[in-house]
Structure formats: C-alpha cells, structure tokens
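Reading through the structure tokens given below for one structure.
Convention: sequence-line order gives letters A, B, ...; per-chain numbering from 1. Because the structure is a prediction, the values reported are computed rather than measured.
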Protein chains: 2
Amino acid sequence: MTASSSVSRDMASSRIFETLKQDVIRGRFAAGEKLAISALKNHYQVGLSPLREALNRLAAYGLLEQVNQRGFRVPAMHLEELDDIAGLRTQLECMALTQAFQAGDSEWESQVLAAHHRLRRADEHPERVEEWEQAHLRFHRALLASCGSHWLLRFIEQLHDQFDRYRRLAPPNPAVRKALDRQHGELVELALSRDIRAARALLDDHIRMSHSVARGCCASPASDDAT
Amino acid sequence: MTASSSVSRDMASSRIFETLKQDVIRGRFAAGEKLAISALKNHYQVGLSPLREALNRLAAYGLLEQVNQRGFRVPAMHLEELDDIAGLRTQLECMALTQAFQAGDSEWESQVLAAHHRLRRADEHPERVEEWEQAHLRFHRALLASCGSHWLLRFIEQLHDQFDRYRRLAPPNPAVRKALDRQHGELVELALSRDIRAARALLDDHIRMSHSVARGCCASPASDDAT
DNA sequence: CATCTCAACAAAATCGATTTTTTTACTCAA
DNA sequence: TTGAGTAAAAAAATCGATTTTGTTGAGATG
C-alpha cells in the first residue's frame with residue numbers, strides 16, 4: 001500500500017526513547033536503580049546524544065528521575081504512589097468514559113468493536129504476552145477515544161504507563177485475566193447501549209481489580225534502596 | 001541565610017529549559033513558529049547539547065512540538081484547545097480543592113495565608129508583572145498543595161502552564177484583575193472554614209473568568225500558519 | 001580510633017566537528 | 001508556464017573527544 005511507503009523511519013533518539021520506555025514499564029530495571037549512561041550506550045548500541053535526549057524525554061514524562069549532576073535513575077516504587085495513580089486513573093477514566101459515551105458516533109462504536117475483537121484474538125495465544133498487552137492498551141484507548149479532550153487522553157495514557165509499571169510486577173494470573181476479559185465484553189455492550197452509569201461502575205471495578213492485584217505484589221517493596 | 005548557600009547551580013540544560021519554558025509561556029515566540037536551533041544557540045549563548053536536551057524535555061512536557069527530522073516548533077493555538085484546557089483544569093482543580101480541604105492541616109492553612117499575603121504585596125507594584133505572576137501561581141499551588149495526590153498536582157501544574165500561554169495573550173485588564181483578587185481573598189476564607197461547596201463554585205468561577213478573558217484574545221487566532 | 005584532606009579515578013555534562021536529511025534554487029524539457 | 005529532476009545550501013541529528021563534577025580511598029592529623 002502507498003501509505004506504508006511513507007515510513008520515514010524516526011530518529012535514533014525516538015527509537016531509543018520507545019525502547020527505554022518499554023523497558024522501564026516492563027520492569028527490566030530495578031526500582032531505584034541508577035542508570036549508567038555508558039552502559040546503556042553499549043547495551044542499546046546507540047550514540048551518546050540520542051541516548052541523552054531520550055533520557056531527558058523520559059524524565060519529563062515521569063518514567064525516570066533526573067538528579068542534578070548525577071544522572072538518571074529509575075523511580076522507586078511505593079504502595080502509596082500506586083494508590084495515588086490508581087485512584088486518579090479511575091477518576092480520569094470515568095470522566096473520559098462519560099464524555100466518550102455522550103460524544104461517541106457510530107465510527108467510534110466500530111473502532112471499539114474492532115479493538116475488542118483484536119483483544120479476544122490476542123487472548124487465544126497466551127504465550128504472546130506483549131501482543132495481548134498491546135491489544136489491551138488499544139482497547140482501552142478506543143473506548144475513551146471519542147471523549148473529545150486531547151489533554152484528558154494524554155494524562156490517562158501517562159497514568160496508564162505508570163500503573164502498568166506496578167501491575168507488571170505481579171505474576172500472570174489466569175483467573176484474574178479471565179474476569180477482566182469478561183468485563184471488557186460487558187464494557188463493549190454498555191458502550192453500544194450508552195449506559196453511562198453502569199459503565200462507570202464497571203470501569204471502576206475493572207481498575208480496582210487490577211489495582212488490588214498490583215497492590216499484592218507491591219506489599220513487600222524492594223523499593224528505595226540506592227547505594 | 002544558610003539555606004541559600006547550598007545553591008549547587010543546576011546544569012546548563014536545566015537553566016535553558018526554564019528559560020525557554022518561560023519564553024514559550026510568555027508568548028515570546030509566535031504560535032506555530034519553527035525554532036531555528038542554531039539561532040537559539042546564539043541567542044541564549046549555550047551549547048548545542050544542553051539546548052537540545054532542553055528542547056526534548058519541553059516537547060515531552062507539551063510546550064513544544066517535535067517533528068521527525070525537522071526540528072521543533074511552538075504549538076499552534078486554537079480556541080478549541082483553550083476550551084479543552086480550561087475545562088479540564090476546572091475539573092482537576094476542583095477535585096484537588098476538595099481533597100485539599102479535607103486533608104489540610106494547620107500548616108497548610110499557614111502556607112495559604114502566607115502565599116495570599118505575598119500575592120497582595122505583589123499587587124502593590126503593578127509594574128512588576130512577573131513578580132505578581134509568580135506570586136499568583138504560588139498562591140494557587142499553596143491552596144491545593146495538601147490534596148495528597150502527587151500526580152494530580154503535576155497535571156494541574158501542566159495545565160496551568162498551558163492555560164497561561166493563552167491567558168497571557170490578553171492585555172492587562174485592571175477591572176478583571178481586581179475581581180480576581182477579591183476571589184483570592186474569598187478563597188482563603190473558605191479554605192479556613194473548609195466550605196468545600198462554596199469554594200468549588202468560586203474556583204470554578206475564578207477559572208471561568210480567566211477563561212473568557214483569554215477567549216476574547218484567541219478569537220481571531222494568528223494560529224496555524226507555518227509557511 | 002575517628003575524621004579530614006587531597007589526589008586519582010569514574011561518571012556526567014558539554015563542546016566542536018561530522019554525517020545525514022531536508023529545503024531551496026536552478027536547469028531543462030514538455 | 002509548468003513541472004520534474006538535480007545540485008547546492010541549510011538545518012537537524014549524531015558522533016567522538018574534552019571538560020567538569022562527583023566519588024573513593026590512602027595517608028595525614030587530631
């Protein structure tokens with residue numbers, strides 16, 4: 001197709017930004033760990049300048065911390081912060097959901113259905129975790145996409161990334177996964193019938209469930225060591 | 001004082017970040033303008049690396065846009081986006097205000113009073129605009145500081161910066177300023193008496209007033225030109 | 001024995017130069 | 001006149017080297 005021919009590959013700094021972002025979210029670094037810049041440079045095989053630009057962007061995004069003359073570190077994790085993130089995420093997503101239901105047109109409905117279908121398909125291959133993760137993210141994006149607020153969506157995305165950092169510490173749990181998946185189906189139905197009240201309650205539950213799972217794994221936090 | 005002796009000056013990149021941030025917010029660049037990197041380098045007298053790191057941070061923060069292989073530009077301004085920013089800011093600040101009133105202790109009350117006093121003092125020198133602006137920002141920060149949510153405060157700060165970019169386009173208006181200042185005083189009283197309902201209504205009005213002022217100046221937007 | 005100093009070391013931040021990409025200006029043909 | 005093609009110019013991105021700053025530990029000092 002013609003569209004894909006315009007794939008002007010992005011800059012090294014953008015590529016390394018995405019890679020590092022995923023690696024932080026997936027917990028490939030220890031919480032509180034100091035990032036040795038030259039080690040990263042060798043590991044990812046990139047130059048110093050694009051690497052530093054990526055680190056700066058990640059720090060501004062909140063997935064790294066920058067200390068004055070002593071480089072970058074992965075933020076420590078605290079139960080307290082998880083609760084903050086989950087609580088705010090619930091409020092913002094419910095807000096967006098309401099607006100999305102009010103403003104959503106039939107194109108939105110189609111996208112939600114499509115995203116849900118992809119999510120169910122991804123569920124058939126339990127071994128490909130990352131594909132499911134991506135489909136899951138996209139489903140929730142699609143559900144709120146029609147809310148009409150650029151900034152609300154932006155903050156929700158940011159909170160989602162923060163939340164995922166905690167959630168992914170927890171080991172996979174088929175029972176929970178199954179329950180969450182049932183909720184996804186119900187959310188689609190409620191979207192089509194525009195049942196705002198029920199959908200808000202369900203989304204609240206949905207996040208609460210993930211929250212409590214993540215909470216269990218954050219309880220004994222190998223957090224704020226540094227040395 | 002001893003505290004100020006620990007002024008380990010920050011890196012060049014942080015300094016230029018702050019400078020550029022203020023310059024964008026204060027409208028020293030045209031909306032939609034492309035930033036010529038080497039021109040900035042000369043103008044601010046900094047090296048390329050710290051400059052680029054600052055630009056990357058600003059882009060991640062949302063005060064600049066980064067296009068793939070063609071550098072950075074100041075975001076265009078749209079009435080539609082102003083409405084989005086103002087609406088979301090109202091919701092988030094009211095949310096934070098409620099929590100701040102519930103969780104605020106006497107230390108918080110003291111800080112609010114102190115910030116309000118500084119704001120009134122700054123008001124006595126109408127010529128020093130930036131001092132008033134800073135005091136104003138700090139007053140609103142102090143009012144919400146005890147809300148207990150790091151991330152909520154972070155998002156509010158970000159929206160505040162975005163909002164200011166629009167608000168500062170409007171010419172100074174003594175009548176409006178006076179009305180806003182009266183509201184600041186009322187907010188302090190409502191904070192001390194913990195009158196959540198009244199305070200939310202007042203804060204809503206407060207933002208709405210600034211919003212409509214900014215809206216007047218955004219109506220004929222010299223916005224998305226680029227050439 | 002604890003603490004301080006300072007040199008050697010390691011790491012981060014910055015600079016200057018090079019490489020890559022985009023934009024501009026121009027030529028020639030339809 | 002217009003439009004495609006192309007070479008020169010400009011700008012952005014990246015690299016390698018240098019400078020600056022923080023850290024460590026041996027030896028001196030109280």
Side-chain angles (χ1 to χ4, degrees), chain A residues 2-21 23-24 29-30 32-61 63-75 224-227, chain B residues 4-21 23-24 29-30 32-61 63-75 224-227:
Chain A
T2 357
S4 70
S5 69
S6 66
V7 282
S8 64
R9 64 209 172 291
D10 16 45
M11 314 174 285
S13 65
S14 299
R15 257 178 298 131
I16 187 62
F17 171 82
E18 288 300 332
T19 306
L20 269 171
K21 179 178 165 185
D23 284 353
V24 172
F29 303 101
E33 178 182 350
K34 180 175 189 310
L35 295 181
I37 294 194
S38 65
L40 294 178
K41 184 169 109 61
N42 295 330
H43 180 61
Y44 294 105
Q45 287 293 299
V46 290
L48 216 59
S49 310
L51 176 58
R52 284 192 61 89
E53 290 184 12
L55 291 170
N56 272 278
R57 281 198 244 172
L58 276 170
Y61 188 68
L63 279 173
L64 287 180
E65 284 169 357
Q66 188 168 21
V67 197
N68 218 332
Q69 300 274 57
R70 56 201 72 165
F72 298 84
R73 61 173 56 248
V74 179
D224 40 347
D225 59 285
T227 352
Chain B
S4 70
S5 68
S6 67
V7 281
S8 64
R9 65 209 171 289
D10 14 45
M11 313 174 285
S13 65
S14 298
R15 256 179 297 131
I16 186 62
F17 171 82
E18 287 300 334
T19 307
L20 270 170
K21 179 179 167 184
D23 284 352
V24 171
F29 304 100
E33 178 182 349
K34 181 175 189 312
L35 295 181
I37 295 195
S38 66
L40 294 179
K41 182 170 110 62
N42 294 330
H43 180 61
Y44 294 106
Q45 287 293 301
V46 290
L48 215 57
S49 310
L51 175 59
R52 285 192 61 89
E53 291 184 12
L55 292 170
N56 272 278
R57 280 198 245 174
L58 276 169
Y61 189 68
L63 278 173
L64 287 180
E65 284 169 357
Q66 187 168 23
V67 197
N68 219 332
Q69 300 274 48
R70 56 202 70 166
F72 298 84
R73 61 173 56 247
V74 180
D224 41 346
D225 61 284
T227 352

Can you check whether [X] reaches [Y] side chain to side chain, under 4.5 Å on heavy atoms?
X	Y	answer
A:Ser13	A:Arg57	yes
A:Leu20	A:Leu63	no
B:Pro50	B:Arg15	no

query: Quick one: salt bridge (Lys or Arg N to Asp or Glu O under 4.0 Å) partners of A:Arg52, sequence neighbours excluded?
result: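 In terms of salt bridge (Lys or Arg N to Asp or Glu O under 4.0 Å), with neighbours along the sequence ignored, A:Arg52 is linked to B:Glu53.
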Can you tell me how far [atom2] of [N] sits from [atom1] of [X], to the nearest Å?
X	N	atom1	atom2	answer
A:Asp10	C:dT21	CG	P	13 Å
A:Phe72	C:dA11	CZ	C1'	13 Å
B:Gln66	C:dT22	CD	P	14 Å
A:Asn56	C:dA13	CG	P	8 Å
A:Phe17	D:dT14	CZ	P	14 Å
A:Gln69	C:dA13	CD	P	6 Å
B:Met11	C:dC15	CE	P	13 Å
A:Glu53	D:dT14	CD	P	7 Å

- prompt: What heavy-atom pair brings B:Phe72 and B:Ala59 nearest, and what distance separates the two atoms?
  reply: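 Result for this residue pair: CE2-CB, 4.2 Å.
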message: If the cut-off is 4.0 Å, is B:Arg52 near the phosphate of D:dA12, judged by side-chain N/O to OP1 or OP2?
response: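 Negative; the distance criterion is not met.
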query: Does A:Ser13 place a side-chain N or O at less than 4.0 Å from the phosphate oxygens OP1/OP2 of D:dT14?
result: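 True: A:Ser13 side-chain N/O within range (under 4.0 Å) of D:dT14 OP1/OP2.
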query: Hey, which of these two, B:Lys34 or A:Leu48, hits DNA chain D nearer its 5' end, going by closest nucleotide?
result: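 It is B:Lys34 whose nearest nucleotide is closer to the 5' end.
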- prompt: Starting at the 5' end of DNA chain D and moving along, which residue's nearest nucleotide shows up first, A:Ala12 or A:Arg70?
  reply: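 Result of the comparison: A:Ala12.
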- request: Could you check which of D:dT14, D:dA17, D:dT23 has an atom nearest any side-chain atom of A:Pro50?
  value: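 Closest of the options to the side chain of A:Pro50: D:dT14.
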task: Among residues two or more places apart or on two chains, list those pairs meeting side chain to side chain donor-acceptor pair (under 3.5 Å) that have a residue in residues 36-47 of chain B.
output: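 Every pair satisfying side chain to side chain donor-acceptor pair (under 3.5 Å) with a residue in residues 36-47 of chain B: B:Asp23-B:Tyr44.
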message: Heavy atoms only, 4.0 Å cut-off, all strands: where does B:Leu51 land among base, sugar-phosphate and nothing?
response: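 Answer is nothing: B:Leu51 stays at 4.0 Å or more from every strand.
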- request: Looking at every strand, decide which applies to B:Leu55 at a 4.0 Å heavy-atom threshold: base, sugar-phosphate, or nothing.
  value: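 If one applies the 4.0 Å heavy-atom cut-off, B:Leu55 turns out to touch nothing in the nucleic acid.
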message: Test side chain to side chain contact (heavy atoms under 4.5 Å, CB included) on A:Leu40 and A:Leu55; report intermediate values, then the result.
response: CA-CA 10 Å; A:Leu40 294 178; A:Leu55 291 170; 4.2 Å; yes
field: First encountered from the 5' end of DNA chain C, between A:Ser49 and A:Gly71
entry: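 In this pair, the answer is A:Gly71.
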query: For DNA chain D, what residues of residues 36-45 of chain A have any heavy atom nearer than 4.0 Å?
result: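 Close to the strand, none.
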